[in-house]
S.K.: 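One structure, as C-alpha coordinates, below. Some questions next.
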Amino acid sequence: MKKIVVKACALAAGVVLSLTGCQKKAPAPDGASGAVVLEMYYYKQENQEGLKNIIRAFERANPGITINTLIIPNDADAAMSARAAQGALPDILQMQSYSRIREYASKGYLLDLSDQPAMERALPSALPAVSWNGRQYALPMDYAGIGIIYNKAIFNAVGITPPTTYRELIAVCEKLEDAGIVPFAALLKENWSVGHFITLVHTALLKEKNVTPDAFIASMAAGTTSYGVVDSAKLFSVMDFYHENMNPNAAEMGGGEQQQSFAKGEAAMMVQGLWSYVDAQKLNPTLDAGFIPFPVYNDAAMNTFYADVDSTFGVSSQSSPEKQAAALAFINWLATADGAALWMNEYKLIPPFAGVDVSSFGGPYVDLMTSVEEQGALPWAFSQYPSDVFEDACKNGAQQYLMKRRSAADVIRRIDEQWAASVHK
(Lines give C-alpha, C1' and ligand atoms only; values in the text may rest on other atoms or scores of the structure.)
Protein backbone atom coordinates (compact mmCIF):
# COMPACT_ATOMS: atom_id res chain seq x y z
CA MET A 1 0.00 0.00 0.00
CA LYS A 2 2.90 2.41 0.82
CA LYS A 3 4.28 1.96 -2.70
CA ILE A 4 0.91 2.93 -4.15
CA VAL A 5 0.72 6.05 -2.00
CA VAL A 6 4.28 7.12 -2.85
CA LYS A 7 3.54 6.69 -6.54
CA ALA A 8 0.35 8.69 -6.18
CA CYS A 9 2.13 11.55 -4.44
CA ALA A 10 4.98 11.62 -6.98
CA LEU A 11 2.66 11.73 -9.95
CA ALA A 12 0.39 14.31 -8.41
CA ALA A 13 2.66 17.38 -8.45
CA GLY A 14 0.73 20.38 -9.62
CA VAL A 15 -2.62 18.59 -9.88
CA VAL A 16 -5.57 20.88 -9.20
CA LEU A 17 -9.05 19.54 -8.48
CA SER A 18 -11.86 20.78 -10.68
CA LEU A 19 -15.16 19.62 -9.30
CA THR A 20 -18.13 19.24 -11.61
CA GLY A 21 -21.76 18.33 -11.08
CA CYS A 22 -23.45 18.94 -7.77
CA GLN A 23 -20.49 19.77 -5.50
CA LYS A 24 -19.14 23.29 -5.18
CA LYS A 25 -15.42 23.85 -5.68
CA ALA A 26 -13.56 23.43 -2.42
CA PRO A 27 -10.11 24.93 -1.85
CA ALA A 28 -7.29 22.56 -0.96
CA PRO A 29 -6.44 22.54 2.76
CA ASP A 30 -3.54 24.64 4.01
CA GLY A 31 -0.29 22.93 3.20
CA ALA A 32 -1.91 20.64 0.65
CA SER A 33 -0.33 22.28 -2.42
CA GLY A 34 0.72 19.51 -4.78
CA ALA A 35 -1.45 16.90 -3.04
CA VAL A 36 -3.87 14.62 -4.83
CA VAL A 37 -7.41 15.80 -4.11
CA LEU A 38 -10.11 13.19 -4.68
CA GLU A 39 -13.86 13.47 -4.92
CA MET A 40 -15.91 10.72 -3.29
CA TYR A 41 -19.58 10.28 -4.16
CA TYR A 42 -21.72 8.49 -1.61
CA TYR A 43 -25.44 7.93 -1.10
CA LYS A 44 -25.75 6.61 2.47
CA GLN A 45 -27.02 9.75 4.16
CA GLU A 46 -27.12 8.27 7.65
CA ASN A 47 -24.15 8.73 10.01
CA GLN A 48 -22.32 11.20 7.79
CA GLU A 49 -20.04 12.20 10.65
CA GLY A 50 -18.85 8.60 10.92
CA LEU A 51 -17.76 8.59 7.28
CA LYS A 52 -15.98 11.92 7.74
CA ASN A 53 -14.05 10.47 10.69
CA ILE A 54 -13.00 7.50 8.55
CA ILE A 55 -11.78 9.82 5.78
CA ARG A 56 -9.88 12.00 8.28
CA ALA A 57 -8.10 8.91 9.63
CA PHE A 58 -7.09 7.87 6.11
CA GLU A 59 -5.84 11.39 5.34
CA ARG A 60 -3.73 11.41 8.51
CA ALA A 61 -2.16 8.12 7.46
CA ASN A 62 -1.73 9.36 3.87
CA PRO A 63 -0.83 13.06 4.05
CA GLY A 64 -0.43 13.33 0.27
CA ILE A 65 -4.12 12.63 -0.35
CA THR A 66 -7.23 14.70 0.44
CA ILE A 67 -10.79 13.43 -0.08
CA ASN A 68 -13.77 15.75 -0.60
CA THR A 69 -17.23 14.24 -0.37
CA LEU A 70 -20.35 14.62 -2.48
CA ILE A 71 -23.63 13.18 -1.16
CA ILE A 72 -26.64 12.49 -3.37
CA PRO A 73 -28.92 10.41 -1.09
CA ASN A 74 -31.81 9.71 -3.45
CA ASP A 75 -32.20 9.02 -7.18
CA ALA A 76 -28.59 9.77 -8.05
CA ASP A 77 -28.77 7.97 -11.41
CA ALA A 78 -29.40 11.10 -13.47
CA ALA A 79 -26.57 13.04 -11.82
CA MET A 80 -24.08 10.18 -12.19
CA SER A 81 -25.15 9.53 -15.80
CA ALA A 82 -24.56 13.18 -16.63
CA ARG A 83 -21.16 13.09 -14.97
CA ALA A 84 -20.24 9.91 -16.85
CA ALA A 85 -21.26 11.46 -20.17
CA GLN A 86 -18.89 14.34 -19.41
CA GLY A 87 -16.09 11.92 -18.55
CA ALA A 88 -16.09 13.41 -15.06
CA LEU A 89 -17.30 10.76 -12.63
CA PRO A 90 -16.15 11.19 -9.01
CA ASP A 91 -12.88 9.41 -8.33
CA ILE A 92 -14.35 7.13 -5.65
CA LEU A 93 -17.89 5.85 -6.07
CA GLN A 94 -20.09 4.38 -3.37
CA MET A 95 -22.53 2.07 -5.14
CA GLN A 96 -25.21 -0.40 -4.29
CA SER A 97 -24.26 -3.98 -5.03
CA TYR A 98 -25.15 -6.17 -8.03
CA SER A 99 -26.94 -4.23 -10.76
CA ARG A 100 -25.17 -0.89 -10.28
CA ILE A 101 -21.77 -2.62 -10.34
CA ARG A 102 -22.69 -4.62 -13.43
CA GLU A 103 -24.09 -1.57 -15.20
CA TYR A 104 -21.06 0.64 -14.53
CA ALA A 105 -18.55 -2.14 -15.20
CA SER A 106 -20.19 -3.08 -18.50
CA LYS A 107 -19.99 0.58 -19.58
CA GLY A 108 -16.31 0.77 -18.70
CA TYR A 109 -16.76 3.25 -15.84
CA LEU A 110 -14.92 1.22 -13.18
CA LEU A 111 -11.40 -0.08 -12.63
CA ASP A 112 -11.00 -3.84 -12.25
CA LEU A 113 -10.11 -4.42 -8.59
CA SER A 114 -9.74 -8.21 -8.79
CA ASP A 115 -6.00 -8.17 -8.15
CA GLN A 116 -5.99 -5.50 -5.45
CA PRO A 117 -4.86 -6.56 -1.93
CA ALA A 118 -8.23 -5.48 -0.51
CA MET A 119 -10.05 -8.21 -2.40
CA GLU A 120 -8.03 -10.91 -0.63
CA ARG A 121 -9.80 -10.06 2.65
CA ALA A 122 -13.32 -10.08 1.20
CA LEU A 123 -15.36 -13.18 2.01
CA PRO A 124 -15.98 -15.38 -1.05
CA SER A 125 -19.73 -15.19 -0.40
CA ALA A 126 -19.55 -11.40 -0.81
CA LEU A 127 -17.87 -11.44 -4.23
CA PRO A 128 -20.95 -12.11 -6.42
CA ALA A 129 -22.34 -8.77 -5.28
CA VAL A 130 -19.41 -6.88 -6.85
CA SER A 131 -18.65 -9.07 -9.88
CA TRP A 132 -19.18 -8.76 -13.61
CA ASN A 133 -17.90 -11.28 -16.13
CA GLY A 134 -15.95 -13.10 -13.43
CA ARG A 135 -14.01 -10.02 -12.27
CA GLN A 136 -14.52 -7.76 -9.26
CA TYR A 137 -15.13 -4.05 -9.80
CA ALA A 138 -15.82 -2.82 -6.26
CA LEU A 139 -14.93 -3.56 -2.66
CA PRO A 140 -17.93 -4.95 -0.70
CA MET A 141 -18.07 -2.75 2.36
CA ASP A 142 -21.00 -3.73 4.48
CA TYR A 143 -23.17 -6.74 5.09
CA ALA A 144 -26.62 -5.63 6.12
CA GLY A 145 -30.06 -6.99 6.80
CA ILE A 146 -33.52 -5.47 6.54
CA GLY A 147 -36.07 -6.64 9.08
CA ILE A 148 -37.92 -5.52 12.20
CA ILE A 149 -35.96 -3.58 14.81
CA TYR A 150 -37.99 -3.73 18.02
CA ASN A 151 -37.83 -1.96 21.37
CA LYS A 152 -37.20 -4.60 24.03
CA ALA A 153 -38.40 -2.40 26.90
CA ILE A 154 -41.78 -1.81 25.23
CA PHE A 155 -42.19 -5.48 24.40
CA ASN A 156 -41.45 -6.42 28.02
CA ALA A 157 -43.80 -3.77 29.40
CA VAL A 158 -46.68 -4.90 27.19
CA GLY A 159 -45.89 -8.56 27.80
CA ILE A 160 -45.22 -9.61 24.22
CA THR A 161 -42.45 -11.63 22.63
CA PRO A 162 -40.81 -11.09 19.23
CA PRO A 163 -43.08 -12.60 16.56
CA THR A 164 -41.79 -15.47 14.46
CA THR A 165 -44.84 -15.79 12.17
CA TYR A 166 -47.15 -13.40 10.35
CA ARG A 167 -50.05 -14.46 12.57
CA GLU A 168 -47.99 -13.65 15.66
CA LEU A 169 -47.03 -10.27 14.15
CA ILE A 170 -50.71 -9.38 13.71
CA ALA A 171 -51.37 -10.28 17.36
CA VAL A 172 -48.37 -8.20 18.52
CA CYS A 173 -49.66 -5.15 16.63
CA GLU A 174 -53.11 -5.53 18.17
CA LYS A 175 -51.65 -5.64 21.69
CA LEU A 176 -49.47 -2.62 21.03
CA GLU A 177 -52.43 -0.61 19.74
CA ASP A 178 -54.48 -1.63 22.79
CA ALA A 179 -51.64 -0.23 24.91
CA GLY A 180 -51.70 3.06 22.98
CA ILE A 181 -48.39 2.40 21.21
CA VAL A 182 -47.86 2.74 17.45
CA PRO A 183 -46.67 -0.63 16.12
CA PHE A 184 -44.43 0.60 13.26
CA ALA A 185 -42.59 3.91 13.01
CA ALA A 186 -43.52 5.22 9.57
CA LEU A 187 -41.40 6.37 6.63
CA LEU A 188 -43.60 7.28 3.68
CA LYS A 189 -42.44 10.79 2.85
CA GLU A 190 -39.44 9.24 1.08
CA ASN A 191 -39.83 6.33 -1.33
CA TRP A 192 -36.71 4.25 -0.73
CA SER A 193 -37.79 2.41 2.42
CA VAL A 194 -41.10 1.14 1.02
CA GLY A 195 -39.17 0.24 -2.13
CA HIS A 196 -37.10 -2.07 0.04
CA PHE A 197 -40.25 -3.38 1.70
CA ILE A 198 -42.14 -4.38 -1.44
CA THR A 199 -39.09 -6.23 -2.75
CA LEU A 200 -38.54 -7.89 0.65
CA VAL A 201 -42.05 -9.31 0.67
CA HIS A 202 -41.97 -10.17 -3.03
CA THR A 203 -38.66 -12.05 -2.69
CA ALA A 204 -39.99 -13.97 0.31
CA LEU A 205 -43.16 -14.93 -1.57
CA LEU A 206 -41.09 -16.49 -4.37
CA LYS A 207 -40.31 -19.29 -1.91
CA GLU A 208 -43.81 -20.74 -1.95
CA LYS A 209 -43.66 -20.79 -5.76
CA ASN A 210 -40.33 -22.68 -5.60
CA VAL A 211 -38.72 -19.91 -7.65
CA THR A 212 -35.27 -18.68 -6.69
CA PRO A 213 -34.51 -14.94 -6.91
CA ASP A 214 -31.90 -15.65 -9.60
CA ALA A 215 -34.36 -17.67 -11.67
CA PHE A 216 -37.01 -14.97 -11.30
CA ILE A 217 -34.64 -12.21 -12.40
CA ALA A 218 -33.46 -14.27 -15.37
CA SER A 219 -37.07 -14.95 -16.40
CA MET A 220 -37.94 -11.26 -16.14
CA ALA A 221 -34.97 -10.43 -18.35
CA ALA A 222 -36.12 -13.06 -20.84
CA GLY A 223 -39.68 -11.72 -20.77
CA THR A 224 -41.12 -15.09 -19.74
CA THR A 225 -42.65 -14.11 -16.40
CA SER A 226 -44.28 -11.20 -14.58
CA TYR A 227 -43.73 -9.45 -11.26
CA GLY A 228 -47.14 -10.89 -10.49
CA VAL A 229 -45.80 -14.45 -10.53
CA VAL A 230 -46.07 -14.43 -6.73
CA ASP A 231 -49.34 -14.39 -4.79
CA SER A 232 -50.08 -10.74 -5.55
CA ALA A 233 -53.08 -10.60 -3.23
CA LYS A 234 -50.83 -11.61 -0.35
CA LEU A 235 -48.09 -9.20 -1.43
CA PHE A 236 -50.38 -6.19 -1.31
CA SER A 237 -52.31 -7.34 1.77
CA VAL A 238 -49.01 -7.44 3.69
CA MET A 239 -48.26 -3.94 2.44
CA ASP A 240 -51.73 -2.78 3.52
CA PHE A 241 -51.20 -4.32 6.97
CA TYR A 242 -47.86 -2.53 7.31
CA HIS A 243 -49.44 0.79 6.34
CA GLU A 244 -52.39 0.36 8.67
CA ASN A 245 -50.05 -0.10 11.62
CA MET A 246 -47.93 3.01 11.03
CA ASN A 247 -48.12 6.46 12.60
CA PRO A 248 -51.25 8.35 11.51
CA ASN A 249 -49.11 11.01 9.80
CA ALA A 250 -47.02 8.45 7.90
CA ALA A 251 -47.03 10.47 4.67
CA GLU A 252 -45.28 13.34 6.48
CA MET A 253 -42.54 11.19 8.02
CA GLY A 254 -39.08 10.80 6.53
CA GLY A 255 -36.11 8.88 7.88
CA GLY A 256 -35.41 11.34 10.68
CA GLU A 257 -39.00 11.32 11.87
CA GLN A 258 -39.09 7.52 11.77
CA GLN A 259 -36.00 7.26 13.96
CA GLN A 260 -37.37 9.86 16.40
CA SER A 261 -40.68 8.02 16.73
CA PHE A 262 -38.86 4.79 17.46
CA ALA A 263 -36.21 6.31 19.72
CA LYS A 264 -38.80 8.15 21.84
CA GLY A 265 -40.85 4.98 22.38
CA GLU A 266 -43.81 6.36 20.46
CA ALA A 267 -43.51 3.35 18.11
CA ALA A 268 -42.38 -0.11 19.15
CA MET A 269 -40.87 -1.28 15.86
CA MET A 270 -39.43 -0.06 12.59
CA VAL A 271 -38.81 -2.01 9.40
CA GLN A 272 -35.28 -0.96 8.57
CA GLY A 273 -31.65 -1.92 8.38
CA LEU A 274 -29.27 -1.40 11.27
CA TRP A 275 -28.09 1.87 9.74
CA SER A 276 -31.27 3.43 11.16
CA TYR A 277 -30.70 1.85 14.57
CA VAL A 278 -27.38 3.71 14.80
CA ASP A 279 -29.10 7.09 14.47
CA ALA A 280 -31.95 6.07 16.77
CA GLN A 281 -29.39 5.21 19.45
CA LYS A 282 -27.90 8.68 19.14
CA LEU A 283 -31.32 10.10 19.97
CA ASN A 284 -31.79 7.64 22.84
CA PRO A 285 -28.46 6.23 24.13
CA THR A 286 -30.28 3.86 26.51
CA LEU A 287 -32.28 2.28 23.68
CA ASP A 288 -32.18 -1.52 23.91
CA ALA A 289 -33.36 -3.19 20.72
CA GLY A 290 -33.57 -6.57 19.07
CA PHE A 291 -33.67 -7.52 15.39
CA ILE A 292 -35.85 -10.17 13.72
CA PRO A 293 -36.84 -11.08 10.16
CA PHE A 294 -40.11 -9.62 8.93
CA PRO A 295 -42.35 -12.73 9.11
CA VAL A 296 -44.22 -13.10 5.82
CA TYR A 297 -45.27 -16.70 6.50
CA ASN A 298 -47.09 -18.53 9.29
CA ASP A 299 -44.36 -21.17 9.20
CA ALA A 300 -41.48 -19.72 11.23
CA ALA A 301 -38.93 -21.78 9.32
CA MET A 302 -39.89 -19.94 6.12
CA ASN A 303 -39.07 -16.51 7.56
CA THR A 304 -35.49 -15.35 7.13
CA PHE A 305 -33.68 -12.03 7.03
CA TYR A 306 -33.44 -10.07 3.81
CA ALA A 307 -29.65 -9.72 4.02
CA ASP A 308 -26.79 -9.17 1.62
CA VAL A 309 -23.91 -6.89 0.71
CA ASP A 310 -25.26 -3.35 0.66
CA SER A 311 -22.83 -0.59 -0.20
CA THR A 312 -19.56 -0.95 -2.08
CA PHE A 313 -16.71 1.31 -3.15
CA GLY A 314 -15.27 1.46 -6.65
CA VAL A 315 -12.73 3.57 -8.51
CA SER A 316 -13.61 5.57 -11.62
CA SER A 317 -11.82 4.62 -14.83
CA GLN A 318 -12.34 8.23 -15.98
CA SER A 319 -9.98 9.66 -13.35
CA SER A 320 -6.37 10.51 -14.07
CA PRO A 321 -3.69 7.88 -13.31
CA GLU A 322 -2.49 9.73 -10.21
CA LYS A 323 -6.03 10.00 -8.86
CA GLN A 324 -6.68 6.35 -9.60
CA ALA A 325 -3.54 5.39 -7.66
CA ALA A 326 -4.63 7.52 -4.70
CA ALA A 327 -8.18 6.13 -4.82
CA LEU A 328 -6.81 2.58 -4.86
CA ALA A 329 -4.76 3.46 -1.78
CA PHE A 330 -8.02 4.37 -0.02
CA ILE A 331 -9.76 1.16 -1.19
CA ASN A 332 -6.89 -0.99 0.05
CA TRP A 333 -6.68 0.91 3.34
CA LEU A 334 -10.38 0.29 3.99
CA ALA A 335 -9.72 -3.45 3.97
CA THR A 336 -6.84 -3.31 6.46
CA ALA A 337 -7.46 -4.21 10.08
CA ASP A 338 -7.34 -0.50 11.01
CA GLY A 339 -9.69 0.54 8.21
CA ALA A 340 -12.19 -2.23 8.95
CA ALA A 341 -12.14 -1.44 12.68
CA LEU A 342 -12.86 2.23 11.98
CA TRP A 343 -15.64 1.29 9.57
CA MET A 344 -17.27 -0.78 12.30
CA ASN A 345 -16.70 1.66 15.15
CA GLU A 346 -17.53 4.87 13.29
CA TYR A 347 -20.13 3.70 10.78
CA LYS A 348 -21.57 0.80 12.86
CA LEU A 349 -21.72 -1.41 9.77
CA ILE A 350 -20.34 -4.90 9.27
CA PRO A 351 -17.63 -5.28 6.61
CA PRO A 352 -17.78 -8.72 4.90
CA PHE A 353 -14.13 -9.46 5.58
CA ALA A 354 -12.45 -12.52 7.07
CA GLY A 355 -11.95 -12.37 10.84
CA VAL A 356 -14.55 -9.69 11.61
CA ASP A 357 -16.12 -10.07 15.08
CA VAL A 358 -19.44 -8.32 15.83
CA SER A 359 -19.85 -9.57 19.41
CA SER A 360 -18.82 -6.19 20.84
CA PHE A 361 -21.68 -4.54 18.95
CA GLY A 362 -24.20 -6.61 20.91
CA GLY A 363 -27.98 -6.69 20.47
CA PRO A 364 -29.32 -6.39 16.93
CA TYR A 365 -25.98 -7.09 15.24
CA VAL A 366 -25.62 -10.42 16.99
CA ASP A 367 -29.29 -11.17 16.26
CA LEU A 368 -28.68 -10.63 12.55
CA MET A 369 -25.52 -12.69 12.22
CA THR A 370 -26.84 -15.49 14.45
CA SER A 371 -30.05 -15.76 12.44
CA VAL A 372 -28.22 -15.73 9.11
CA GLU A 373 -25.80 -18.40 10.32
CA GLU A 374 -28.64 -20.63 11.54
CA GLN A 375 -31.34 -20.01 8.91
CA GLY A 376 -29.61 -18.41 5.98
CA ALA A 377 -30.95 -15.27 4.29
CA LEU A 378 -32.73 -14.03 1.20
CA PRO A 379 -30.48 -12.02 -1.13
CA TRP A 380 -31.28 -8.40 -1.82
CA ALA A 381 -33.04 -9.07 -5.09
CA PHE A 382 -33.67 -5.36 -5.63
CA SER A 383 -29.93 -4.89 -6.10
CA GLN A 384 -30.16 -7.19 -9.11
CA TYR A 385 -33.16 -5.44 -10.68
CA PRO A 386 -32.39 -3.02 -13.52
CA SER A 387 -31.58 0.26 -11.79
CA ASP A 388 -34.47 2.23 -13.29
CA VAL A 389 -36.94 -0.53 -12.39
CA PHE A 390 -36.06 -0.32 -8.71
CA GLU A 391 -35.56 3.44 -8.59
CA ASP A 392 -38.82 4.26 -10.37
CA ALA A 393 -41.29 1.40 -10.73
CA CYS A 394 -40.64 -0.24 -7.34
CA LYS A 395 -39.87 2.71 -5.07
CA ASN A 396 -42.43 5.07 -6.55
CA GLY A 397 -44.93 2.29 -7.18
CA ALA A 398 -44.88 1.12 -3.56
CA GLN A 399 -45.12 4.65 -2.22
CA GLN A 400 -47.97 5.60 -4.54
CA TYR A 401 -49.85 2.38 -3.75
CA LEU A 402 -49.69 3.02 -0.01
CA MET A 403 -50.84 6.59 -0.58
CA LYS A 404 -53.82 5.28 -2.62
CA ARG A 405 -52.58 6.91 -5.83
CA ARG A 406 -52.02 3.70 -7.77
CA SER A 407 -53.66 0.27 -7.78
CA ALA A 408 -51.86 -3.00 -7.16
CA ALA A 409 -52.43 -4.03 -10.78
CA ASP A 410 -50.94 -0.74 -11.97
CA VAL A 411 -47.82 -1.25 -9.84
CA ILE A 412 -47.20 -4.71 -11.29
CA ARG A 413 -47.93 -3.58 -14.83
CA ARG A 414 -45.51 -0.66 -14.52
CA ILE A 415 -42.75 -2.90 -13.14
CA ASP A 416 -43.25 -5.40 -15.98
CA GLU A 417 -43.24 -2.67 -18.65
CA GLN A 418 -40.20 -0.89 -17.30
CA TRP A 419 -38.28 -4.14 -16.87
CA ALA A 420 -39.00 -5.11 -20.47
CA ALA A 421 -37.96 -1.66 -21.68
CA SER A 422 -34.70 -1.78 -19.72
CA VAL A 423 -33.77 -5.13 -21.29
CA HIS A 424 -34.12 -3.71 -24.81
CA LYS A 425 -32.25 -0.45 -24.23
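We count residues from 1, following the sequence as given.
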S.K.: Should D231 and K209 be marked as a salt bridge (charged side-chain N to carboxylate O under 4.0 Å, His left out) after you check the CA-CA gap, both sets of side-chain angles, and the distance that decides it?
M.R.: CA-CA 9 Å; D231 184 340; K209 300 295 183 179; over 6 Å; no

S.K.: Parallel, tilted or perpendicular: which fits the ring planes of F361 and Y365, with parallel below 30° and perpendicular above 60°?
M.R.: perpendicular

S.K.: Given side chains that start at C-beta, do those of Y242 and F184 come closer than 4.5 Å, heavy atoms only?
M.R.: yes

S.K.: Testing the 3.5 Å rule here: is there a donor-acceptor pair between the side chains of Y401 and D410?
M.R.: no

S.K.: Can you name the residues that form a side-chain hydrogen bond (donor to acceptor under 3.5 Å, both in side chains) with D367, not counting sequence neighbours?
M.R.: none

S.K.: Can you check salt bridge (charged side-chain N to carboxylate O under 4.0 Å, His left out) on E346 and R56, steps first, answer last?
M.R.: CA-CA 12 Å; E346 292 288 348; R56 291 186 193 112; over 6 Å; no

S.K.: Which class fits the ring pair W192 and W275: parallel under 30°, tilted 30 to 60°, perpendicular over 60°?
M.R.: tilted

S.K.: Can you check whether W380 and Y98 have ring centres sitting under 6.0 Å from each other?
M.R.: no

S.K.: Please tell me whether E266 and S261 have a donor and an acceptor in their side chains that are separated by less than 3.5 angstrom.
M.R.: yes

S.K.: Quick one: do the Q48 and Y42 side chains pair a donor with an acceptor below 3.5 Å?
M.R.: yes

S.K.: Strictly below 4.0 Å, N to O, side chains only: are D178 and K175 in salt-bridge contact?
M.R.: no

S.K.: Show, in sequence, the C-alpha distance, side-chain angles and deciding distance for D416 and R413, and conclude whether the salt bridge (charged side-chain N to carboxylate O under 4.0 Å, His left out) test is met.
M.R.: CA-CA 5 Å; D416 287 349; R413 177 183 54 78; over 6 Å; no

S.K.: Are any non-hydrogen side-chain atoms of K282 and Q259 less than 4.5 angstrom apart?
M.R.: no

S.K.: Which label fits H202 and F216: parallel for a plane angle under 30°, tilted from 30 to 60°, or perpendicular past 60°?
M.R.: tilted

S.K.: If only side-chain N and O atoms count, and only distance matters, is there a donor-acceptor pair under 3.5 Å linking S359 with D357?
M.R.: yes

S.K.: Can you check whether I292 reaches P163 side chain to side chain, under 4.5 Å on heavy atoms?
M.R.: yes

S.K.: Classify the angle between the aromatic ring planes of F294 and Y166 as parallel (below 30°), tilted (30 to 60°) or perpendicular (above 60°).
M.R.: tilted

S.K.: Only one of N68, I65, D91 passes side-chain contact (heavy atoms from CB on, under 4.5 Å) with V37; say which it is.
M.R.: N68

S.K.: Quick check, are the ring centers of F305 and F291 under 6.0 angstrom apart?
M.R.: yes

